[in-house]
Structure formats: C-alpha cells, structure tokens
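To start, the structure itself, in structure tokens.
Small disclaimer: the values here were computed from a predicted structure and weren't measured.
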Amino acid sequence: MRNLAIVDLGSNSARMAVSRLHPNGTADEIKRVKEDTRLSESMGAEHVLQPAAIDRTIRALLDFKKIYTRMPNTDVIGITTAAVRMAKNQAAFLARVKREVGLELKVLSGDDEAYYDYLGVANSLVINDCLILDTGGASCELILVKDGRKQQLISIPFGAVTLSEQFELDDLVPAANLFRAQMFLRNRLADIWWLTEAMHFPIILLGGANRTLARVNRRRQQKLKVEDIHGYRLKTETVYQTFLDLLTRSKAGRQDISGMEYDRADIIVGGMLPLVTLLQMQDSDRVIFSESGVREGIISEYLNSAN
C-alpha cells in the first residue's frame with residue numbers, strides 16, 4: 001500500500017498532508033502538519049522573497065522531510081503558490097529548496113490553484129450555485145459554480161499578509177486605513193465582470209483567515225469539536241459582528257480571542273477583508289466552510305490518473 005505526501009508551501013504557512021492510497025481508488029489522510037513560515041513577509045512592491053522568510057521556510061520543509069522519509073512507499077508532491085509565483089528571485093529560491101531539501105516544487109499558476117480548490121470542494125461538499133473564495137497570504141482565488149459545475153475562475157494578487165502590510169492593518173486599525181483598503185478591494189473586485197452572476201449566492205470559504213473565522217465562532221457557540229469546520233455555516237450578520245469585534249481590538253487584544261491563532265492576530269483583519277467586501281457586494285446571506293481545497297484537489301487528480 002502506498003502513501004502520498006503533499007507539501008503545500010503557501011504565502012503564510014507551510015502544510016503537509018499524507019494520505020494512504022487504497023487499491024479501490026480512495027484515500028485516507030493519516031498525517032497533517034503545519035508550520036507558520038510567513039514566506040511573503042516584507043516582499044513589498046519589488047516582490048522579492050526575504051532571507052529570514054526563506055530560512056524559516058527551509059527549516060519547515062526539512063522538518064516535513066523527516067516525517068515523510070520515515071514513511072515507506074511514499075510519493076511526494078511539492079507545490080507552491082502566490083508568494084513564489086510572484087517572486088523575482090523565484091528561480092534562486094526553488095534551486096535552494098532542491099539543493100537543501102531535495103524537493104522539487106511545482107509553482108502553481110493562479111488558475112491551477114483555483115481549479116484545484118474547485119476540485120477539492122466539489123469532491124467533498126454538495127454544491128449547486130455558489131461562489132468559492134480561498135483567501136491566502138498573498139492571493140485570493142474565486143470560482144463561480146453553477147449547477148455544481150465550474151463556470152469561471154480567477155486568482156487575484158492580494159491576500160491576508162499583503163493587504164495587512166500594504167494598508168497597515170496589523171494593530172489597531174485607523175478608519176482611514178480601513179477605508180483605503182476597502183476601496184482598493186472594491187475597485188479590484190468590480191473588474192471581475194462575472195461576479196454579477198453570483199449575486200445572492202452562498203460563499204464557500206477556504207484559507208487560513210477563513211478557518212480562523214470558523215474556529216472563533218465555534219468556540220463562541222461552545223461546539224464540542226472546534227476544529228471540525230467542514231460544512232460549518234455562518235450567517236452573514238455573524239461574520240460582520242466578528243469582523244467588528246476584531247476592528248475594536250489591538251493585535252494583543254485579538255490574541256486573547258478564544259480560537260485565534262497567536263501568529264495570525266496581526267493579519268486577521270486583512271485576511272477577512274476580502275470576504276467582508278464580497279459579502280457586501282454580492283448580498284450573500286451565508287457562508288459555508290470547507291476543509292478541502294488545493295491539496296485534496298491534487299489528491300483527486302492523482303488518484304484519477306493512477307486508475
């Protein structure tokens with residue numbers, strides 16, 4: 001029996017999921033690990049990966065390697081997304097990962113990332129008409145789904161880390177900073193003509209900031225399994241109330257919120273802003289959370305190609 005390890009190097013965190021592959025074409029996840037690497041930190045308008053962020057990331061990848069090399073019969077797929085996709089020093093970074101870790105990373109295009117998000121969601125949730133939003137550290141992916149089928153998709157080059165840095169949303173947020181950030185987002189989203197076809201559709205959520213939104217509210221609702229967010233639903237009004245609570249707090253105050261990851265408190269406002277802006281523009285009444293995204297989409301494709 002074989003295993004498949006997917007190393008997913010995102011802009012804010014590095015994750016690895018190991019699945020056991022069965023002869024009948026199914027897979028069960030047997031190991032999942034995550035490390036906060038903040039690879040896109042301080043890239044700036046020059047889009048250059050910084051030495052400290054690269055060093056953190058290499059250490060995380062070496063930690064992952066210790067795990068998957070101890071597992072017999074394990075194939076390894078390495079992928080990376082927006083931060084590396086945009087980086088001017090992409091080639092040097094990929095070469096260092098290959099040299100020091102022995103891992104060849106595939107740089108997903110924005111369309112690839114959005115497509116795998118769709119596959120991951122479509123294979124794990126019953127979806128009909130919806131808009132899928134994956135908020136990453138340096139990009140957001142949007143997918144329009146009608147009658148259960150992908151109609152349009154796009155990747156846009158801003159996310160939780162980059163918005164937080166660009167508009168200084170990390171601590172107490174001045175009203176002017178929030179206004180500028182919202183105007184920026186509304187202008188960028190208004191250019192996506194097909195969003196008008198998703199008016200009133202529920203929004204299915206992926207990405208770290210959105211998972212945090214789910215965990216915080218499951219804590220507040222005293223759910224027994226806080227991490228069990230797949231298929232979890234929230235009304236739009238609850239999302240707004242949570243966002244307002246975050247805006248009234250400093251970074252330290254956000255860190256005190258039950259369900260909040262300590263290292264995400266400085267980017268959670270920027271991370272939730274694309275969702276809040278979309279909810280206002282689309283007049284959606286609810287959101288639905290998915291734990292299945294890019295990695296699960298890649299597993300599905302891998303299994304289909306093997307059969």
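- With hydrogens and angles ignored, the 3.5 Å screen pairs no side-chain donor or acceptor of Glu141 with any backbone N or O of Ser155.
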Report the C-alpha distance between Arg295 and Arg15 in whole Å, list the side-chain angles of each, state the deciding distance to 0.1 Å, and finish with yes or no for side-chain contact (heavy atoms from CB on, under 4.5 Å). CA-CA 9 Å; Arg295 290 181 299 280; Arg15 297 170 182 269; 3.4 Å; yes
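- Remark: the Asp111 side chain and the Ser109 side chain contain no N/O donor-acceptor pair separated by less than 3.5 Å.
- Rounding to the nearest 0.5 Å places CZ of Arg85 at 11.5 Å from NE2 of His47.
- Under the side chain to side chain contact (heavy atoms under 4.5 Å, CB included) test applied with Val107, the options Leu9, Thr81, Leu94 reduce to a single match, Leu94.
- For Arg218 and Tyr232, the positive end sits near the middle of the six-membered ring, less than 6.0 Å away and at most 45° from its axis.
- Arg211 places no side-chain N or O within 3.5 Å of a backbone atom of Leu205 that could act as its donor or acceptor partner.
- Listed by chain and number, the residues in a salt bridge (charged side-chain N to carboxylate O under 4.0 Å, His left out) with Arg220 are Asp245 (sequence neighbours excluded).
- A distance-only check finds no donor-acceptor pair linking the side chain of Ser139 to the backbone of Gly159 [under 3.5 Å].
- Residues Val276 and Leu185 form no side-chain contact, since every pair of their non-hydrogen atoms from C-beta on lies 4.5 Å or further apart.
- Taken to the nearest 0.5 Å, the CD1 atom of Ile267 stands 11.0 Å off from the CG atom of Leu169.
- Panel note: side chain Ser13, backbone Glu35; no donor-acceptor pair is recorded below 3.5 Å.
- Lys34 and Glu261 are joined by a salt bridge, as a carboxylate oxygen and a charged side-chain nitrogen come within less than 4.0 angstrom of each other.
- With 3.5 Å as the limit, one finds a donor-acceptor pair spanning the side chains of Tyr116 and Glu301.
- With Tyr118 as the fixed residue, the side chain to side chain contact (heavy atoms under 4.5 Å, CB included) test singles out one of Leu153, Asn123, Val145: Val145.
- Using a 4.5 Å cut-off on side-chain heavy atoms (C-beta onward), Lys251 and Asp170 make no contact.
- There is no path of hydrophobic side-chain contacts, each under 4.5 Å, that joins Leu103 to Ile77.
- Environment of CZ in Phe179: sparse, with no more than 12 heavy atoms of neighbouring residues, nucleotides or ligands closer than 6.0 Å.
- Here Leu4 contributes atom CG and Ser19 contributes atom OG; the two are 6.0 Å apart, rounded to the nearest 0.5 Å.
- Ion pair Glu296/Arg32 flagged as a salt bridge, since at least one NZ, NE, NH1 or NH2 atom sits closer than 4.0 Å to an Asp/Glu carboxylate oxygen.
- Side-chain N or O atoms of Thr162 include none that pairs as donor or acceptor with a backbone N or O of Phe158 at under 3.5 Å.
- Counting non-hydrogen atoms of neighbouring residues, nucleotides and ligands closer than 6.0 angstrom, the CD atom of Glu29 exceeds 12 such neighbours.
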I'd like a table of donor-acceptor pairs (distance under 3.5 Å, sequence neighbours excluded) in which one partner is a side-chain atom from residues 49-62, with atom names and distances.
| residue | atom | partner | partner atom | Å |
| --- | --- | --- | --- | --- |
| Gln50 | NE2 | Val48 | O | 2.9 |
| Asp55 | OD1 | Arg96 | NH1 | 3.1 |
| Asp55 | OD1 | Arg96 | NH2 | 3.0 |
| Arg56 | NE | Thr37 | O | 2.8 |
| Arg56 | NH2 | Thr37 | O | 3.1 |
| Arg56 | NH2 | Arg38 | O | 3.1 |
| Arg56 | NH2 | Glu41 | OE1 | 3.1 |
| Thr57 | OG1 | Ala53 | O | 2.8 |

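- At a cut-off of 3.5 Å, with distance as the only test, a side-chain donor of Thr242 or Asn217 sits close to an acceptor on the other residue.
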Test side-chain contact (heavy atoms from CB on, under 4.5 Å) on Val294 and Ile6; report intermediate values, then the result. CA-CA 10 Å; Val294 168; Ile6 297 180; over 6 Å; no
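- At least one donor-acceptor pair under 3.5 Å links the side chain of Asn177 to the backbone N or O of Phe167.
- In terms of modelled atom types and a separation under 3.5 Å, the side chain of Lys65 and the main chain of Val101 share a donor-acceptor contact.
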Run Ile257 and Leu246 through side-chain contact (heavy atoms from CB on, under 4.5 Å) and show every step you take. CA-CA 9 Å; Ile257 297 175; Leu246 295 171; 3.7 Å; yes
Given the rule in the side-chain contact (heavy atoms from CB on, under 4.5 Å) test, do Leu275 and Thr135 qualify, once you have shown the distances and angles that lead to the verdict? CA-CA 8 Å; Leu275 169 60; Thr135 308; 5.5 Å; no
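- Note that CG of Asn187 is 11.5 Å distant from CD of Gln182, once rounded to the nearest 0.5 Å.
- When side chains are defined from C-beta on, Gln221 counts as touching Leu234, because their heavy atoms get closer than 4.5 Å.
- Side-chain N or O atoms of Arg20 include none that pairs as donor or acceptor with a backbone N or O of Asp28 at under 3.5 Å.
- Ser11 places no side-chain N or O within donor-acceptor distance of the main-chain N or O of Gly137, the cut-off being under 3.5 Å.
- Applying the salt bridge (charged side-chain N to carboxylate O under 4.0 Å, His left out) test to every pair with at least one member in residues 147-166, sequence neighbours left out, gives no pairs at all.
- Annotation: the span from Leu163 atom CG to Phe184 atom CZ amounts to 6.5 Å, rounded to 0.5 Å.
- To the nearest 0.5 Å, atoms CE (Met281) and OG1 (Thr196) are separated by 10.0 Å.
- Listed for the Asp283 side chain is no donor-acceptor partner under 3.5 Å among the backbone atoms of His200.
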